Visitor: 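One structure is given below, represented as structure tokens, and several questions about it will come after.
Values in this document were obtained by computation on a predicted structure and should not be read as measured data. First the proteins, then the strands, lettered A, B, ... as listed; each starts at 1.
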Amino acid sequence: MLKVSGLRVRFGVTMAIDGLDLAVAPGELFVLLGASGSGKSTLLRAIGGFVHPDAGRIELDGVGLAGMPPHRRPVNTMFQSYALFPHMSVAANIGFGLRMRGLAKSAIAARVTEMLELVRLRGFGTRMPAQLSGGQQQRVALARSLAPRPALLLLDEPLSALDRNLRRDTREELVRLQRDLGIAFILVTHDQEEALTMADRIGVMHRGRLMQVGTPAEVYERPNTRFVAEFLGAANVLSITLRDGRIGLSSGMTLHIATPVPADATWLAIRPERVIIGESDAPNRLSGVVVQRSYAGETLTHVVRLADGSMLRATAALRQGLNAVQVEIGDAVTLSWQPDACIVLAQ
Amino acid sequence: MLKVSGLRVRFGVTMAIDGLDLAVAPGELFVLLGASGSGKSTLLRAIGGFVHPDAGRIELDGVGLAGMPPHRRPVNTMFQSYALFPHMSVAANIGFGLRMRGLAKSAIAARVTEMLELVRLRGFGTRMPAQLSGGQQQRVALARSLAPRPALLLLDEPLSALDRNLRRDTREELVRLQRDLGIAFILVTHDQEEALTMADRIGVMHRGRLMQVGTPAEVYERPNTRFVAEFLGAANVLSITLRDGRIGLSSGMTLHIATPVPADATWLAIRPERVIIGESDAPNRLSGVVVQRSYAGETLTHVVRLADGSMLRATAALRQGLNAVQVEIGDAVTLSWQPDACIVLAQ
Amino acid sequence: MIAVLAIVWAWLLVLLVLPTLIVLKIALSYPADSVPPYAPMLPGLHVSTDAFALILSDPLYAQALLLSLKVAGLSTAICLLAGYPMALAIARSPERWRNLLLMLVMLPFWTGFLMRINAWIGLLQDDGWINTIIVMLGLSPLRLLYTDVAMYIGIVYTYLPFMVLPIYARLSQLDGRLLEAAADLGAPPWQVFGAVTLPLSLPGVWAGVLLVFIPAAGEFVIPELLGGPQAQLIGRMLWQEFFQNGDWPTASAIACALLALLLLLPAALLRVGRTTLSRRSS
Amino acid sequence: MIAVLAIVWAWLLVLLVLPTLIVLKIALSYPADSVPPYAPMLPGLHVSTDAFALILSDPLYAQALLLSLKVAGLSTAICLLAGYPMALAIARSPERWRNLLLMLVMLPFWTGFLMRINAWIGLLQDDGWINTIIVMLGLSPLRLLYTDVAMYIGIVYTYLPFMVLPIYARLSQLDGRLLEAAADLGAPPWQVFGAVTLPLSLPGVWAGVLLVFIPAAGEFVIPELLGGPQAQLIGRMLWQEFFQNGDWPTASAIACALLALLLLLPAALLRVGRTTLSRRSS
């Protein structure tokens with residue numbers, strides 16, 4: 001339904017968006033993931049009509065949006081930090097888009113009540129935004145942008161202003177709402193965990209380009225570049241050499257991998273949770289000394305120094321609690337991983 | 001070295017700090033963890049001298065700090081969002097505390113150079129704060145507060161303004177620096193992961209009180225209240241009944257636990273990563289239907305509906321990748337957990 | 001800190017409140033043929049309410065007061081209509097132009113009050129520039145100088161900066177994302193203005209209205225130099241009592257009455273503003 | 001948007017720049033015994049530089065200009081010394097008091113210019129309140145009215161609000177955490193002020209200095225009413241040329257010279273300000 005092709009946006013001398021293609025399906029929850037300055041908000045603003053592209057097309061259901069001012073586009077935005085009208089009540093905020101469409105008062109009131117129910121704020125209609133908590137403001141902003149029944153909802157860091165625990169709960173709520181309504185969402189975030197848990201598909205942005213587009217498991221388990229591998233979760237990255245069509249590490253070890261070796265293979269990435277300390281039947285084995293450990297409640301990460309001085313991180317879930325862990329700092333350990341844990345990267 | 005006893009701070013009608021005792025050892029990295037409004041920043045400000053307690057004592061190395069103005073206290077603060085002086089260069093910012101102590105120019109210059117090296121900003125002395133990135137500003141703020149060699153450093157959300165990836169790296173750097181310098185840190189944060197990975201000890205604050213103080217593993221694995229259990233990481237909480245000195249769930253199942261049963265046991269908390277789906281020898285067993293799953297790259301969480309309608313979350317590390325997981329939504333599964341995974345709570 | 005505050009309060013009292021009290025005191029003394037032209041009363045206390053009785057009994061004063069309020073109200077309305085778009089345009093200008101534009105707005109304030117009036121006389125008089133142009137176009141010349149039109153032009157021109165600046169200050173602080181949010185929700189530009197920009201700039205509007213209305217209500221030089229003889233404003237009567245009649249107690253009584261009225265006005269306006277706002281939001 | 005901007009620029013040009021040009025035009029015309037007292041020159045173009053030649057050749061004008069700059073400079077300095085603590089105290093006051101305090105500061109602006117001068121005459125004259133108190137204390141009375149002291153009091157009193165307001169605006173925006181950071185790093189209160197508060201309020205100080213200095217340099221009423229006859233300021237000479245001598249071209253030429261000087265001054269001050277700032281930061 002949304003189709004972006006060849007989009008370019010230039011701010012002065014910098015290319016904010018540099019030749020970008022994207023297609024979002026009806027009812028899809030698409031997450032744009034990137035660091036600040038990657039161009040993800042600019043893309044959202046170009047779709048919303050607040051930024052004028054220098055080249056390229058944006059089409060919604062086959063209709064080109066070029067030259068259409070923001071107030072004519074059948075797209076709504078939920079702004080970062082919400083941009084609630086401070087001089088209007090919650091009900092007036094939610095009903096704003098409906099008033100602008102010239103709906104009858106009774107129809108507006110009915111829809112506002114419906115939206116208040118939807119975001120679990122029944123009875124809050126007469127409050128002013130300043131009287132609400134951060135989480136309540138977030139829900140009002142969501143209700144306001146959903147009230148005019150947009151064909152596509154753009155969400156700019158919708159959870160970034162919330163406390164960590166509230167963020168986790170709101171995440172699930174937002175996904176459930178999106179599924180129920182069937183409206184396509186494009187959600188911008190810099191938080192990888194948010195992207196992985198919420199998205200149907202993720203687009204990883206970097207320097208105005210989409211580096212990779214795919215399902216959460218695709219971009220996490222099969223990143224196509226070193227950048228994506230390191231940006232989405234932690235990754236051990238080792239440099240590799242090609243010998244007779246096989247991959248070798250600097251330590252001399254020859255790798256067992258599950259996929260054909262690309263000709264331009266340069267890096268090997270391994271996720272820390274795929275690295276096993278101690279007993280295992282995995283064919284890729286190295287030894288080293290534990291130099292540091294980091295406890296995170298759910299998991300324990302050991303940092304192991306290899307013979308050549310490089311560091312490898314191994315993360316284990318604490319299924320039996322911290323006391324069950326036998327490895328101490330200073331211990332010599334064997335590290336191993338399965339062939340399918342190897343991510344071979346060209347760049 | 002720092003000893004806080006019976007501290008009370010009242011703002012109007014609300015008790016920001018409500019009878020608080022705390023002791024921090026020399027060289028310790030103590031983390032105050034709490035949601036916004038829990039009083040953790042107020043405690044920091046009371047130690048720094050910016051808030052006047054209504055009752056209680058604050059002692060540093062045996063000397064009471066009551067009535068001592070902030071500029072006399074041998075304590076420095078690294079402020080949230082840094083509070084760098086915008087009209088002074090980086091070097092002038094770092095040297096400010098030394099100038100106020102009346103050090104000679106050459107001594108100040110030497111110490112400033114040393115601090116710039118310490119935070120890896122050599123050659124940045126003549127820049128203005130506005131010319132620095134967020135991460136560089138953070139390091140200047142740290143250098144500025146460390147330059148006068150405080151006996152105790154207070155850090156108010158030192159990492160909250162950084163991007164997620166930068167935050168993870170900075171965390172380890174900060175801990176290493178603290179170990180090297182041997183200065184006691186009191187660090188305030190609302191981020192549980194930050195607290196668990198950095199702290200020697202954590203104090204969990206709630207409504208102006210310290211709910212629990214202990215090592216990261218103590219507060220995570222043996223929380224003393226339902227609040228602490230749910231605030232630090234995810235937790236499944238089930239209500240329990242006592243029958244003949246044994247604990248029963250509402251489903252009728254009798255629990256095997258590793259500790260004596262307290263007389264006032266009310267809740268059972270189980271960490272999702274301790275719950276096993278499928279084959280296991282764990283004695284606590286329940287069955288249910290998978291209703292939802294949530295992928296986070298490193299882990300996969302299944303939400304299972306039990307016979308009585310309550311939900312239980314089970315998180316498994318993806319050691320073999322997503323493809324190795326056999327469980328689908330709608331499957332009937334058996335859940336089990338070990339006796340020592342049971343956290344029995346009175347309140 | 002408390003000491004500093006006490007000193008400053010004392011300072012405010014001496015410098016600002018005391019002169020006002022002195023005016024009140026003069027208003028309550030007897031006129032005299034001395035220099036200054038009122039009976040000193042510091043040693044004894046001979047209070048006379050004659051001056052207040054006079055201005056309350058003679059309808060001339062009440063008429064002048066009403067006329068002043070009308071002139072000030074109309075001038076304020078014109079300043080608002082002219083000043084709001086200026087403030088808006090400056091606030092929407094690129095950052096680097098704003099200070100230049102603000103300096104231009106302040107320009108009349110810098111060129112010296114007298115010279116500005118001087119310039120307007122040159123423009124408005126019977127054979128001045130405007131009439132020269134009118135005659136060149138083949139029309140008959142207009143009487144402009146020494147009319148109400150000239151007086152309003154002078155007042156608006158003098159006080160316009162005081163309307164533009166507070167409105168600009170408010171508009172420049174307006175969160176641009178609110179305007180985008182309104183457009184995003186379907187509001188065309190004029191509705192964005194009416195629903196978001198205008199209501200959120202109202203505090204600046206009220207400040208500008210006060211800053212123009214209050215001095216305009218007491219204005220005496222502009223009506224004297226540009227207005228016609230029929231424009232008997234209260235400020236002009238004050239000037240006449242003071243300089244021409246030498247009746248300081250009456251002049252002071254007029255000043256006190258004006259001040260009292262003008263101190264009540266902000267409170268009234270504030271109440272109107274609040275009512276408007278709360279009606280909007282309900 | 002562009003159309004709105006164009007309209008506003010045109011508006012600024014007509015309302016603000018044109019009158020200034022007219023003053024320049026009058027300065028360049030011949031004096032005449034007509035009403036207005038200068039030869040109209042719209043149809044033809046008879047430019048006379050006599051007026052500028054006069055004010056450049058006669059040292060009286062240069063002396064008056066220098067004296068004006070001195071009086072304005074000293075008045076500005078006094079306003080700054082008195083106004084800064086007031087602005088600071090207001091900015092540090094509890095939120096709910098601030099508007100009241102700001103209104104008090106604005107009070108002289110509301111009581112009518114003439115009445116304020118009136119009050120000061122009553123205070124300062126030979127048998128006024130101050131001298132009455134001095135005599136009661138057994139001392140001999142002082143000559144206050146029609147002296148430089150009276151003139152400075154009048155100017156400072158009149159322009160003080162223009163110094164207080166921009167400094168207050170700056171101080172009220174000052175991030176309180178910067179002050180806490182300075183104290184935390186060992187700065188006692190006076191060093192916090194010198195190292196953080198003062199340098200960060202400098203833009204407000206420069207604004208206040210401009211807002212006081214510029215009108216004070218052209219002031220004519222206060223020296224006339226309160227000052228002695230020796231205070232031959234440039235604004236007073238302008239007034240005399242205009243009203244007493246009826247020599248509009250010369251009066252306009254003086255106004256133009258003053259305006260040119262005052263337009264150069266901000267640029268010079270700005271440069272001084274920047275140099276000071278960059279020296280501080282290096």
Side-chain angles (χ1 to χ4, degrees), chain A residues 41 44-45 47-51 68-103 108 115 125-131 140-150 152-157, chain C residues 80 84 87-88 91-98 166-209 269-282:
Chain A
S41 286
L44 216 63
R45 290 171 59 76
I47 300 170
F50 299 108
V51 157
M68 200 186 277
H71 67 275
R72 294 250 172 72
R73 300 196 179 196
V75 160
N76 282 158
T77 305
M78 183 181 156
F79 290 84
Q80 190 174 12
S81 62
Y82 319 139
L84 295 178
F85 304 124
H87 58 303
M88 295 182 199
S89 67
V90 166
N93 262 286
I94 297 176
F96 189 87
L98 307 169
R99 282 205 303 284
M100 292 303 128
R101 269 157 192 74
L103 263 70
I108 295 175
M115 297 314 297
T126 57
R127 302 266 189 108
M128 299 303 280
Q131 297 170 305
V140 173
L142 184 65
R144 184 178 70 173
S145 55
L146 285 172
R149 304 178 202 273
L152 170 66
L153 186 66
L154 310 173
L155 303 97
D156 193 359
E157 302 266 7
Chain C
L80 181 58
Y84 199 103
L88 190 62
R92 298 263 170 99
S93 298
E95 189 88 42
R96 63 187 183 285
W97 289 9
R98 285 190 209 159
I167 298 179
Y168 164 77
R170 200 77 200 176
L171 286 174
S172 67
Q173 282 168 18
L174 192 68
D175 184 352
R177 282 168 310 184
L178 295 180
L179 307 180
E180 289 191 351
D184 186 75
L185 289 164
W190 63 273
Q191 291 223 37
V192 173
F193 176 80
V196 180
T197 310
L198 183 61
L200 288 175
S201 67
L202 280 184
V205 170
W206 294 129
V209 164
L269 270 178
L270 218 67
R271 176 156 302 179
V272 172
R274 286 221 181 104
T275 318
T276 314
L277 222 75
S278 61
R279 203 181 307 133
R280 279 203 144 267
S281 61
S282 66

Visitor: Shortest non-hydrogen contact from H87(A) to A195(C)?
Guide: NE2-O, 2.8 Å
Visitor: Rounded at 0.5 Å granularity, tell me how far CG in D156(A) sits from CZ in R177(C).
Guide: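 Reported value, rounded in 0.5 Å steps: 9.5 Å.
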Visitor: Working to the nearest 0.5 angstrom, can you tell me the gap between L185(C) CG and I94(A) CD1?
Guide: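 Output value for this atom pair is 11.0 Å.
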Visitor: Treating H71(A) as the side-chain partner and V192(C) as the backbone partner, does any N or O pair qualify as donor plus acceptor under 3.5 Å?
Guide: no
Visitor: For chain C, which candidate among R99(A), R144(A), R72(A), Q80(A) shows the most heavy-atom pairs at distances under 4.5 Å?
Guide: R144(A)
Visitor: For A83(A) and A181(C), which heavy atoms make the closest approach, and how far apart are they?
Guide: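 Minimum heavy-atom separation between A83(A) and A181(C): O-CB, 4.0 Å.
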Visitor: Apply the test side-chain contact (heavy atoms from CB on, under 4.5 Å) to residues D184(C) and F79(A): give CA-CA distance (whole Å), side-chain angles for both, the deciding distance (0.1 Å), then the verdict.
Guide: CA-CA 10 Å; D184(C) 186 75; F79(A) 290 84; 4.1 Å; yes
Visitor: Under 4.5 Å, counting heavy-atom pairs only, tell me which of P69(A), P86(A), G48(A) racks up the most with chain C.
Guide: P86(A)
Visitor: Nearest 0.5 Å, please: how far is CD in Q191(C) from CZ in F96(A)?
Guide: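 It comes to 7.0 Å.
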Visitor: To check you understand the geometry: which heavy-atom pair defines the closest contact between A183(C) and F50(A), and what is its length?
Guide: CB-CE2, 4.3 Å
Visitor: Does anything in residues 167-176 of chain C reach chain A? List residues with heavy atoms under 4.5 Å apart, or say none.
Guide: none
Visitor: What part of E180(C) is in contact with chain A, defined as an atom under 4.5 angstrom from a non-hydrogen atom: side chain, backbone, both or neither?
Guide: both
